[in-house]
Amino acid sequence: MPELPEIETVRLQLAKVLPGKKIRKIEILKLKSFQGKKELAEGKEVIGVKRMAKVLLIDLAGDIDIAIHFKMTGQLVFEPAVQKSTKYEVPSAKGRIVGGHPTKDFTGELPSKHTRVIFRLDSGTLYFNDQRLFGWVMVNSEFKIQNLKFLQNLGPEPFDITGEEFEKLVSRSKRPIKLVLMDQTVISGVGNIYANDALWEAKVNPRRLANTLRGNQYKELYKSVLGVLREGIRYGGATAADAKYINLHGLGGHYQEHFRTYDREGEECLREDGGIIHKFSLGGRGTYFCPVCQR
DNA sequence: TTAAATGTTTAAAT
DNA sequence: CATTTAAACATTTA
């Protein structure tokens, strides 16, 4: 599910609470969701929380890393340790840190039926939940994780390149521009939501072949990719439509309230140019655009 | 019942 | 070889 801004949002939150805490025990509830050796992490202290594109990295003492890929429906929930003074309080979602795919697991009792891995800390508990089981948690040496094929093959994040480099990377392909934006080996971190919105911002048709953008469209697209990603981070990521219950608790992000095209099929283009947002399938993914301004 | 969902990989077809 | 399409991976919801 989550793209770069959603993972970055979790990272920022977890970076406030995890460093200094120790992993006491890792419980694997679903084998498919876990790779590596949990013993390597048990007893180790968290040093920092990092991110590579859409992958979250929890850095532990002794050059051990926990890598987490959320895929479509992964989520993390950090439950702080219950304070003695609140011993008699009814358990609530208050004080939780949540991130990733929004479901009622954010606020419900944990572990839930979607909980796949539990990290017992010396203070608090971190739950990895994943409805569709595409995601994974990996514990291994920093070396092994850095050498994962998936991470090795990642292209640079948009934040780390110039407009000229962006144009060079993207225009090498003759595929439709949207597919190239979402190709993690070309540019990493951009997924379906932000690709749709960035193309709208730059007034580029998702189908346009990546080597045939006109004039300043490469520069415009570069700027709009950075823009929507930064905005996503500023709003704490997107938490999608079924998040009413979650927002009630003040959890989850708000980017979904600022979608340009995503999930707006049939609605008027925000530019009020008379266009109606049209949806079609490109590369097997829902693709939204305005036929008037994105030609 | 069918389709689609913030992702990635693989195989088969062009 | 480059590219495209479809399917696969589970599950849930519309």
Side-chain angles (χ1 to χ4, degrees), chain A residues 1-10 29-33 35 51-56 67-76 98-106 108 112-116 129-136 138 148-155 171-198 206-207 209-212 225 228-229 231-233 235-246 252-265 279-288:
Chain A
M1 143 273 178
E3 306 178 36
L4 188 152
E6 286 71 33
I7 306 299
E8 177 64 9
T9 299
V10 192
L29 282 64
K30 195 78 181 178
L31 263 182
K32 182 181 190 291
S33 304
Q35 298 168 61
R51 181 187 57 73
M52 281 183 72
K54 302 174 188 175
V55 177
L56 187 78
I68 302 177
H69 201 309
F70 292 59
K71 291 290 183 81
M72 295 287 265
T73 59
Q75 60 178 204
L76 282 179
V98 302
H101 185 67
T103 67
K104 57 182 178 353
D105 302 270
F106 274 178
S112 71
K113 67 171 170 179
H114 301 124
T115 300
R116 311 306 183 190
N129 304 329
D130 184 15
Q131 183 169 282
R132 283 166 75 179
L133 294 170
F134 294 171
W136 43 259
M138 183 179 298
L148 283 178
K149 205 174 85 181
F150 178 77
L151 292 182
Q152 285 289 309
N153 288 342
L154 283 179
S171 62
R172 277 208 294 242
S173 174
K174 295 172 181 163
R175 298 142 73 202
I177 183 65
K178 177 162 180 267
L179 300 186
V180 178
L181 279 183
M182 293 175 64
D183 184 339
Q184 303 300 299
T185 68
V186 178
I187 302 286
S188 65
V190 180
N192 200 29
I193 289 180
Y194 295 94
N196 277 303
D197 278 6
R207 275 198 176 99
L209 303 185
N211 61 332
T212 66
V225 167
V228 295
L229 291 178
E231 194 176 315
I233 293 169
Y235 287 117
T239 314
D242 63 343
K244 288 170 197 146
Y245 178 66
I246 289 150
H254 296 271
Y255 181 77
Q256 68 277 6
E257 293 154 27
H258 305 270
F259 286 160
R260 276 75 161 169
T261 60
Y262 186 80
D263 205 23
R264 298 184 80 106
E265 183 184 18
K279 181 187 181 187
F280 70 101
S281 181
L282 181 62
R285 309 303 304 277
T287 301
Y288 303 79

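Numbers restart at 1 for each chain; the letters A, B, ... are given by sequence-line order, proteins then strands.
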Chemist: Which parts of residues 176-184 of chain A get close to DNA chain B, meaning a heavy atom less than 4.0 angstrom away?
Modeler: A:Gln184
Chemist: With pairs defined as Watson-Crick or G-U wobble and both distances under 3.5 angstrom, please note down DNA chain B as a dot-bracket string, | for pairing with another strand.
Modeler: .||||.||||||||
Chemist: Any heavy-atom pair between the side chains of A:Ile187 and A:Val180 that's under 4.5 Å?
Modeler: no
Chemist: Can you check the distance between B:dT8 and C:dC1, where both ends of the measurement are the P atom (answer in whole Å)?
Modeler: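 Looking at atom P only, B:dT8 and C:dC1 are 25 Å apart.
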Chemist: Does A:His69 have a side-chain nitrogen or oxygen under 4.0 Å from the phosphate oxygens OP1 or OP2 of B:dT8?
Modeler: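 True: A:His69 side-chain N/O within range (under 4.0 Å) of B:dT8 OP1/OP2.
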Chemist: Measuring from A:Asp130:CG to A:Arg116:CZ, what's the distance to the nearest 0.5 Å?
Modeler: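 If we round to the nearest 0.5 Å, A:Asp130:CG and A:Arg116:CZ are 6.0 Å apart.
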Chemist: Taking the minimum atom-to-atom distance to the side chain of A:Lys54, which one of B:dT10, C:dT12, B:dT8 wins?
Modeler: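 Among B:dT10, C:dT12, B:dT8, the one nearest the side chain of A:Lys54 is B:dT8.
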Chemist: Taking atom types as modelled, is there a side-chain donor on A:Thr115 or A:Asn129 under 3.5 Å from an acceptor on the other?
Modeler: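 Looking only at side-chain atoms, A:Asn129 and A:Thr115 do form a donor-acceptor pair, the distance falling under 3.5 Å.
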Chemist: Quick one: ring pair (Phe, Tyr, Trp, His ring centres under 6.0 Å) pairs with a partner in residues 173-192 of chain A, sequence neighbours left out?
Modeler: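 For residues 173-192 of chain A, and leaving out neighbouring residues, there are no ring pair (Phe, Tyr, Trp, His ring centres under 6.0 Å) pairs at all.
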Chemist: Which residues pass the salt bridge (charged side-chain N to carboxylate O under 4.0 Å, His left out) test with A:Glu265, not counting sequence neighbours?
Modeler: none
Chemist: When you measure from the side-chain N and O atoms of A:Lys113 to the phosphate of C:dT12, is any distance below 4.0 Å, counting only OP1 and OP2?
Modeler: yes
Chemist: In terms of the angle between their ring planes, are A:Tyr255 and A:His258 parallel, tilted or perpendicular, with boundaries placed at 30° and 60°?
Modeler: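 The arrangement is tilted - the two ring planes meet at 30° to 60°.
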Chemist: Please check if atom CZ in A:Arg175 has more than 12 non-hydrogen atoms from other residues, nucleotides or ligands closer than 6.0 Å.
Modeler: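 Counting neighbours around CZ of A:Arg175, more than 12 heavy atoms of other residues, nucleotides or ligands fall under 6.0 Å, so yes.
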Chemist: Looking only at atom C1', what distance separates B:dA5 and C:dT4, rounded to whole Å?
Modeler: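 Per the computed distance, 22 Å lies between those C1' atoms.
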Chemist: Let me confirm one number: the CD-CD1 distance from A:Glu8 to A:Ile233, rounded to the nearest 0.5 Å.
Modeler: 5.0 Å
Chemist: Can you list everything that forms a ring-ring contact (aromatic ring centres under 6.0 Å, His included) with A:Phe134? Sequence neighbours excluded, please.
Modeler: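 Applying ring-ring contact (aromatic ring centres under 6.0 Å, His included) to A:Phe134 gives none.
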Chemist: Please state whether the phosphate of C:dT11, meaning OP1 or OP2, lies under 4.0 angstrom from any side-chain nitrogen or oxygen of A:His101.
Modeler: no
Chemist: Hey, does A:Phe150 reach any base, or is it just sugar-phosphate, or nothing, if we go heavy atoms under 4.0 Å?
Modeler: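 Here A:Phe150 touches the backbone only, sparing every base.
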Chemist: Answer with base, sugar-phosphate or nothing: what part of the nucleic acid does A:Gly286 contact at a heavy-atom distance below 4.0 Å?
Modeler: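 Sugar-phosphate contact only - A:Gly286 comes under 4.0 Å of backbone atoms but never of a base.
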Chemist: Roughly how many Å is it from CZ in A:Arg264 to C1' in B:dA4, rounded to a whole number?
Modeler: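 Computing the A:Arg264:CZ to B:dA4:C1' distance gives 20 Å.
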Chemist: Can you classify the ring geometry of A:Trp136 versus A:Phe150 as parallel (below 30°), tilted (30 to 60°) or perpendicular (above 60°)?
Modeler: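 Perpendicular, since the angle between the ring planes exceeds 60°.
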Chemist: Please produce a list of atom pairs where a protein N or O lies less than 3.5 Å from an N or O of nucleotides 8-10 of chain C.
Modeler:
from	atom 1	to	atom 2	distance (Å)
C:dA10	O4'	A:Arg132	O	3.2
C:dA10	N7	A:Arg132	NE	3.1

Chemist: Would you indicate which nucleotide in B:dG7, C:dT4, B:dA5 comes nearest to any side-chain atom of A:Arg175?
Modeler: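 Within the option list, the nearest is C:dT4.
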Chemist: So A:Gln184 and A:Lys54, side chain to side chain contact (heavy atoms under 4.5 Å, CB included) or not? Walk me through it.
Modeler: CA-CA 9 Å; A:Gln184 303 300 299; A:Lys54 302 174 188 175; 3.4 Å; yes
Chemist: With sugar-phosphate meaning primed atoms plus P, OP1 and OP2, does A:Lys279 contact a base, only sugar-phosphate, or nothing at under 4.0 Å between heavy atoms?
Modeler: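 Here A:Lys279 touches the backbone only, sparing every base.
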